[in-house]
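Have a look at the structure below, then the notes.
Convention: sequence-line order gives letters A, B, ...; per-chain numbering from 1. Note that these values count all heavy atoms, side chains included, but never hydrogens, waters or copies made by symmetry.
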Protein chains: 2
Amino acid sequence: MLKEFLQFNEKEVSEKIENFIKEKVEEFKRDGVVLGISGGIDSTVCAYLCKRALGKDKVFGLLLPEKDTPRKSLEDAKFVAKNLGIKYKVENLTRVIKDYGVYNLIKIPALTKTMRANIVKAAFNFYYKKTSKNPFSAAILGIKKDTPYYSYLRKVTAYMRIKHRARAVAWYKYAEINNLLVVGCCNKTEDMVGWFVKYGDSACDISPIGSLYKTQVWQLAKYLKVPERIVSKTPTPDMLPGIVDEFAIGFSYKLIDLVLVGLEKGIDENIIAKECLIDLDKINYIKELKKKSIHMRELPPQPIF
Amino acid sequence: MLKEFLQFNEKEVSEKIENFIKEKVEEFKRDGVVLGISGGIDSTVCAYLCKRALGKDKVFGLLLPEKDTPRKSLEDAKFVAKNLGIKYKVENLTRVIKDYGVYNLIKIPALTKTMRANIVKAAFNFYYKKTSKNPFSAAILGIKKDTPYYSYLRKVTAYMRIKHRARAVAWYKYAEINNLLVVGCCNKTEDMVGWFVKYGDSACDISPIGSLYKTQVWQLAKYLKVPERIVSKTPTPDMLPGIVDEFAIGFSYKLIDLVLVGLEKGIDENIIAKECLIDLDKINYIKELKKKSIHMRELPPQPIF
């Protein structure tokens with residue numbers, strides 16, 4: 001039953017998004033759009049929609065790798081931009097991030113040479129092993145000071161998140177110089193569980209796929225004829241080499257989307273649990289992520305007089 | 001009459017803000033707050049309120065100068081931090097901003113040596129002279145492509161705004177490493193006319209003085225016994241050396257607050273104009289700034305299906 005809630009007409013939705021992009025560019029009086037292209041499914045689908053809406057000459061791609069970016073991601077991002085025929089620019093952010101002193105944040109003396117080669121993955125696994133918590137959910141759910149490796153987790157969090165914020169700065173610089181709208185590429189699943197960086201990848205002027213769950217983005221990608229090479233990739237957060245979304249969040253997108261859409265539609269949690277073949281604990285975990293990430297989806301609170 | 005709308009009980013408002021800060025730190029399970037201290041009135045008032053709410057040991061100041069920051073600003077910021085007895089850190093952002101290629105954006109061959117010494121001020125005045133528009137309102141209100149020095153204005157905008165965004169990245173890095181809330185220091189006047197940087201100085205977890213007009217911030221500063229040296233300073237945007245707020249916005253804060261509060265309370269525009277001794281054109285200009293900056297005060301739009 002839950003599956004039905006996620007069904008949609010690809011043609012209709014694609015047209016609505018394209019019209020939305022066109023209207024916003026006119027409303028804001030801009031000469032086009034800029035978006036970060038990571039080589040992942042979300043930014044690729046956004047780039048395809050932007051090209052359909054505005055034509056290839058009004059879409060600009062920024063490819064912003066840094067020290068930890070796998071070469072394969074950059075290659076995929078170039079492939080997407082070339083495939084679409086849009087203008088793109090590669091800007092390496094390693095120096096910016098280095099200047100912020102971020103790469104030196106994580107040092108584990110006991111790391112082997114192989115572990116060092118992929119230090120963040122090692123750090124993630126290290127924390128996971130020691131605490132049996134994953135850094136992502138711990139960072140969202142809040143961490144008590146007596147958690148082992150508390151300060152370590154904090155550093156891993158800062159290490160990860162600065163990358164998306166440094167990218168947002170680059171998007172806006174480029175947008176301001178060229179009079180463009182910044183297109184955000186977050187989807188509804190990420191949005192609901194806090195799987196994004198506040199003022200990082202969520203920073204944008206318009207959010208074309210913000211109303212689509214991740215599994216719907218995949219469905220739309222097929223309709224848009226996004227090459228299989230991109231559609232079949234395992235989603236990663238583009239900040240932790242070796243760490244994939246579904247491991248960090250703790251669920252497959254297929255499962256999490258069913259739970260989220262069930263909760264959205266007010267379905268009884270026991271029914272959701274039964275249909276998803278999971279126990280209520282897991283639903284509560286997702287509800288908790290949703291609740292604790294509310295502040296990331298709202299404007300900053302002010303006192304009211 | 002309009003003046004009366006701006007009156008408030010300083011003790012009551014101060015207490016409400018302090019309680020708000022305390023509650024939010026508990027709600028978010030943080031160990032304190034971090035805020036950027038510029039040496040201006042807004043961040044100083046916020047720092048004073050945070051200290052009153054949490055005690056000096058839970059308030060951390062970040063002083064983030066860059067190449068264009070006047071030495072006096074940094075000295076004032078240090079004076080505030082020392083005066084409060086809070087921990088603070090100076091982090092120079094020149095290298096970060098340089099790495100983004102921003103300092104090279106503005107080049108006017110005809111600049112004299114003296115003008116070069118203060119290049120952004122020169123750029124501002126240059127544009128102003130050529131177009132009789134000021135870059136701030138032009139950037140908010142939208143610029144037609146046939147405006148003289150169009151691309152020049154775009155670059156000046158990017159040059160100015162990146163500084164606040166680079167600071168926000170530093171605040172969050174520090175906050176994440178030390179489990180702190182990021183305190184924003186924008187006031188209601190700036191908020192209403194768009195005199196802030198989207199995802200820059202407005203990026204924060206809580207906004208303690210976001211409900212206070214600028215002239216109310218001054219009033220509160222006196223109640224909090226902020227040193228005269230800070231209260232009497234001419235407000236500047238902390239990104240354009242030599243450019244002060246009131247010149248860039250085009251009105252004194254005293255005037256703009258009366259107009260804004262009049263519009264907020266639904267007072268007839270003719271009455272506002274009469275009481276402020278200005279003509280309706282100026283009220284329309286403020287209304288236009290308010291309208292065109294709406295997107296800066298809202299979450300990014302998404303298409304709705």
More than 12 heavy atoms from other groups under 6.0 Å of NZ on Lys292(B):
yes
Heavy atoms only: give me the nearest Lys155(A)-Ile177(B) pair and the separation to one decimal.
CG-CG2, 4.3 Å
Under 4.5 Å to a heavy atom of chain A? For Glu298(B) that would be backbone
When rounded to the nearest 0.5 Å, the distance separating OH of Tyr100(A) from OH of Tyr174(B) is 16.0 Å
Spacing of CZ belonging to Arg95(B) relative to CZ belonging to Arg95(A), to within rounding of 0.5 Å:
8.0 Å
Looking at Ala166(A), Gly184(A), Gly101(A), which one has more heavy-atom pairs under 4.5 Å with chain B than the rest?
Ala166(A)
Based on non-hydrogen pairs under 4.5 Å, which of Glu12(A), Arg165(A), Glu23(A) is most in contact with chain B?
Arg165(A)
Mind checking salt bridge (charged side-chain N to carboxylate O under 4.0 Å, His left out) for Arg30(A) and listing every partner two or more places apart, or none if nothing turns up?
none
Charged N-O contact under 4.0 Å between Glu176(A) and Arg161(B):
yes
Could you look at Ile304(B) and say if it's the side chain, the backbone, both or neither that has a heavy atom under 4.5 Å from chain A?
backbone
Can you tell which of Ile162(A), Val96(A), Asn178(A) has the highest number of heavy-atom pairs within less than 4.5 Å of chain B?
Val96(A)
In terms of heavy-atom pairs under 4.5 Å with chain B, the winner among Ala175(A), Gly210(A), Ser211(A) is Ser211(A)
If one checks every heavy atom of Phe28(B) against chain A at 4.5 Å, the contacting part turns out to be side chain
Decide side-chain contact (heavy atoms from CB on, under 4.5 Å) for Tyr199(B) and Val169(A); before the verdict, give the C-alpha distance in whole Å, the side-chain angles of both, and the deciding distance to 0.1 Å.
CA-CA 9 Å; Tyr199(B) 306 122; Val169(A) 174; over 6 Å; no
Could you check which of Met296(B), Glu91(B), Lys16(B), Lys98(B) has the highest count of heavy-atom pairs closer than 4.5 Å to chain A?
Lys16(B)
Using residues 200-209 of chain B as the side-chain source, report each donor-acceptor pair under 3.5 Å to any protein atom, sequence neighbours left out, with the distance given to one decimal.
from      : atom 1 : to        : atom 2 : distance (Å)
Asp201(B) : OD1    : Val197(B) : N      : 2.7
Ser202(B) : OG     : Val197(B) : O      : 3.2
Asp205(B) : OD1    : Lys198(A) : NZ     : 2.5
Asp205(B) : OD1    : Tyr172(B) : OH     : 2.9
Asp205(B) : OD2    : Val182(B) : N      : 2.9

Of the backbone (N, CA, C, O) and the side chain (C-beta and beyond), which part of Lys24(B) lies under 4.5 Å from a heavy atom of chain A, both, or neither?
side chain
Does any non-hydrogen side-chain atom of Lys173(A) lie less than 4.5 Å from one of Val102(B)?
yes
Crowded around Lys58(A) NZ? As in, over 12 foreign heavy atoms under 6.0 Å?
no
Contacting region of Ala168(A) [heavy-atom separation from chain B under 4.5 Å]
neither
Would you mind checking which part of Asp31(A) comes under 4.5 Å of any heavy atom in chain B, side chain (CB onward), backbone (N, CA, C, O), both or neither?
side chain
Residue pair Arg297(B), Leu299(A): steps toward the side-chain contact (heavy atoms from CB on, under 4.5 Å) verdict
CA-CA 8 Å; Arg297(B) 292 187 291 278; Leu299(A) 294 171; 5.7 Å; no
